[in-house]
Amino acid sequence: MDKILVIVGPTGVGKSQYSIELAKRLNGEIISGDAYQIYKAMSIGTAKITKEEMQGIPHYLVDELCFDHPYSVADFQRVAREHIQTIISRGKLPIICGGTGLYIKAVLYDYVFEKEEIDEVYKDQLKNYSNEELYEQLKEIDSKSLETIHVNNRQRVERALLIAHSGKLKSDIVDEQQHKLLYNATIIGLTLPRDQLYEKINQRVNVMMEKGLLKEIEQLIKIANDDKIEDIWNLQAMKGIGYKEWKSYFEKEATKEETIALIQKNSRNFAKRQYTWFNNQLDVNWINVTTKEQTLKEALEIVKN
RNA sequence: GGUUCCAUAGCUCAGUCGGUAGAGCAAUGGAUUGAAAAUCCAUGUGUCGUUGGUUCAAUUCCAACUGGAACCA
């Protein structure tokens, strides 16, 4: 199996910085395992690292899409795997670094995404039903998929119905998988005590403001106007933390201070969800990020073993 | 200095005509297979300011004290 290194951790813990240091020492190249850093013109709010900070280490899946394009776990899985092969063929170590748990798991494990064509007419029809009605429909078609989907989780109930409608059942697709790693992956998780992490997150949002987050949003709105995009706030890319919160601000329903506080809160909540995923879905070697030298030493040791 | 009011969860506060208490927000735990920075589920964490008194029983009534607020000097 091909050897790869994976660096995960909650938002704001300092993954990017460590990935560079490790890449330098291990002759590696970095693939971003992040759902939002793929978008161009969204740099401050996604805390993207700059060209200088990359220190010449090649990065993939950063700055590749316009913000009006959709991006999905299936896209990520396909392209990330291609990059892994290319990097290995050059004799380098692939390092996946990011905070999007689902994306990273989908690459590492044998997740299968069938080729599908969405039936837009059927999708539209679903809008006419209540959560309960959709749930009942799914119970008839694919009751097994309901084991991990709650009635109120409309997004995922609809998704399971769409999958069933396009051919195979979602539960069958999952059952056919072996849930095994496809790579010899070492997964390192960077962590901090919760209160320290939250403090860092709050500070980071303040720094984003100083760097011009609001200007970045205004710029995106301008691009959207020029491109005649109707509702910018409906774009997938604008659902990201640090972006979606500004809708209320521009509609004069929230002050700047309230918006900043909301971004901080959403970031903290997100960090907590990330921990839930990494703790329960991946086999993570956790390293407490207190001193930089110690962290690197520990990380290198884990990689060797 | 005097009078009055306040003190209950991390915060803002409700409440118990005396039987050890509950909302919102924050927070915590969990699910997660094509929106995942998304979407959804669950959970009240408390010497009811301190010390005494009355009482079978005090967070609740009484007193003193401590801290805070307002008003009068």
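In what follows, every chain begins at residue 1, and chains take the letters A, B, ... in the order their sequences are listed. Fair warning: this is a prediction, and the values are worked out from it, not measured in the lab.
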* To do: Report the distance from atom CG of Leu102(A) to atom P of rU33(B), rounded to the nearest whole Å.
  => 7 Å
* Look at the side chain of Tyr198(A) and decide which nucleotide, out of rC41(B), rA37(B), rA27(B), has an atom nearest to it. => rA27(B)
* Structure fact -> The nucleotide from rA38(B), rA37(B), rC40(B) with an atom nearest the side chain of Asn152(A) is rC40(B)
* Structure fact -> Here the distance between atom C1' of rA26(B) and atom CG of Asp195(A), to the nearest Å, is 15 Å
* Decide yes or no for Arg81(A) and Val107(A): does some side-chain heavy atom of the first lie under 4.5 Å from some side-chain heavy atom of the second? => yes
* Structure fact -> Nearest-nucleotide check on RNA chain B, Phe278(A) vs Arg268(A); residue mapping nearer the 5' end is Arg268(A)
* To do: Look at the side-chain N and O atoms of Ser72(A) and state whether any lies under 4.0 Å from the OP1 or OP2 oxygen of rA35(B).
  => no
* Asked: Picking from rU33(B), rG30(B), rA37(B), which would you name as closest to the side chain of Thr276(A)?
  -> rG30(B)
* Asked: Which residue, Asp110(A) or Arg194(A), contacts RNA chain B at a nucleotide closer to its 5' end, judged by nearest heavy atom?
  -> Arg194(A)
* Asked: Thinking salt bridges, do Glu116(A) and Arg159(A) make one under a 4.0 Å N-O criterion?
  -> yes
* OP1, OP2 of rA38(B) versus side-chain N and O of Gln236(A): anything below 4.0 Å? -> no
* Do the side-chain N or O atoms of Asn280(A) get closer than 4.0 angstrom to the phosphate oxygens (OP1, OP2) of rA31(B)? -> yes
* To do: With heavy atoms under 4.0 Å as the rule, sort Gly99(A) into base, sugar-phosphate or nothing.
  => sugar-phosphate
* Asked: Is there a donor and acceptor pair closer than 3.5 Å between the side chain of Gln281(A) and the base of rU32(B)?
  -> no
* Exceeds 12 heavy-atom contacts within 6.0 angstrom, atom NZ of Lys244(A) -> yes
* To do: Give none if rA27(B) has no partner; otherwise give the nucleotide forming a Watson-Crick or G-U wobble pair with it, both distances under 3.5 Å.
  => rU43(B)
* **Residues, nucleotides or ligands: over 12 heavy atoms within 6.0 Å of Asn280(A) CG** => yes
* In whole angstrom, what separates Tyr109(A)'s OH from rA36(B)'s P? -> 21 Å
* **Options rG30(B), rA36(B), rU32(B), nucleotide nearest the side-chain atoms of Tyr36(A)** => rA36(B)
* **Check ion pair Asp119(A)-Lys123(A) (N to O, under 4.0 angstrom)** => no
* To do: Would you kindly confirm whether Ile163(A) and Val151(A) end up in one hydrophobic cluster when ILVMFWY residues are joined by side chain heavy atoms under 4.5 Å apart?
  => no
* Structure fact -> Taking rU32(B), rA27(B), rC40(B) as options, the one with an atom nearest any side-chain atom of Lys265(A) is rA27(B)
* Please state whether the phosphate of rA27(B), meaning OP1 or OP2, lies under 4.0 angstrom from any side-chain nitrogen or oxygen of Asn269(A). => yes
* Asked: At under 4.0 Å between heavy atoms, what does Tyr243(A) touch on the DNA or RNA strands: base, sugar-phosphate, or nothing?
  -> nothing
* Asked: Given atom CZ of Phe270(A) and atom C1' of rA35(B), what is their separation to the nearest angstrom?
  -> 13 Å
* Asked: Do the side-chain N or O atoms of Arg156(A) get closer than 4.0 angstrom to the phosphate oxygens (OP1, OP2) of rU33(B)?
  -> yes
* Sugar-phosphate only, base, or nothing, as touched by Thr46(A) at under 4.0 Å among non-hydrogen atoms -> base
* Asked: Who is the Watson-Crick or G-U wobble partner of rC48(B), with both distances under 3.5 Å?
  -> none
* Structure fact -> Taking rA31(B), rU39(B), rA37(B) as options, the one with an atom nearest any side-chain atom of Asp34(A) is rA37(B)
* Using a cut-off of less than 4.0 Å, is there contact between a side-chain N or O of Arg273(A) and OP1 or OP2 of rA38(B)? -> yes
* Asked: Roughly, in whole Å, what's the span from NZ in Lys272(A) to C1' in rG29(B)?
  -> 7 Å
* Would you please classify the geometry between the Tyr111(A) ring and the Phe113(A) ring as parallel, tilted or perpendicular, with 30° and 60° separating the classes? => perpendicular
* To do: Report the nucleotide, chosen from rU33(B), rC40(B), rA35(B), that has the shortest atom-to-atom distance to any side-chain atom of His150(A).
  => rC40(B)
* Send over the distance from Phe76(A) CZ to rA37(B) P, rounded to a whole Å. => 11 Å
* Closest to the Phe113(A) side chain: rU33(B), rU39(B), rA37(B)? -> rU33(B)
* Asked: At under 4.0 Å between heavy atoms, what does Leu162(A) touch on the DNA or RNA strands: base, sugar-phosphate, or nothing?
  -> nothing
* Select base, sugar-phosphate, or nothing to describe what Gln77(A) touches, counting heavy atoms under 4.0 Å on all strands. => nothing
* Would you tell me if any nitrogen or oxygen in the side chain of Lys170(A) comes within less than 4.0 Å of OP1 or OP2 on rU33(B)? => yes
* Measure the distance from CH2 on Trp277(A) to C1' on rC40(B) and round it to the nearest whole Å. => 14 Å
* Asked: Which whole-number value in Å describes the distance from Asp142(A) CG to rU33(B) C1'?
  -> 13 Å
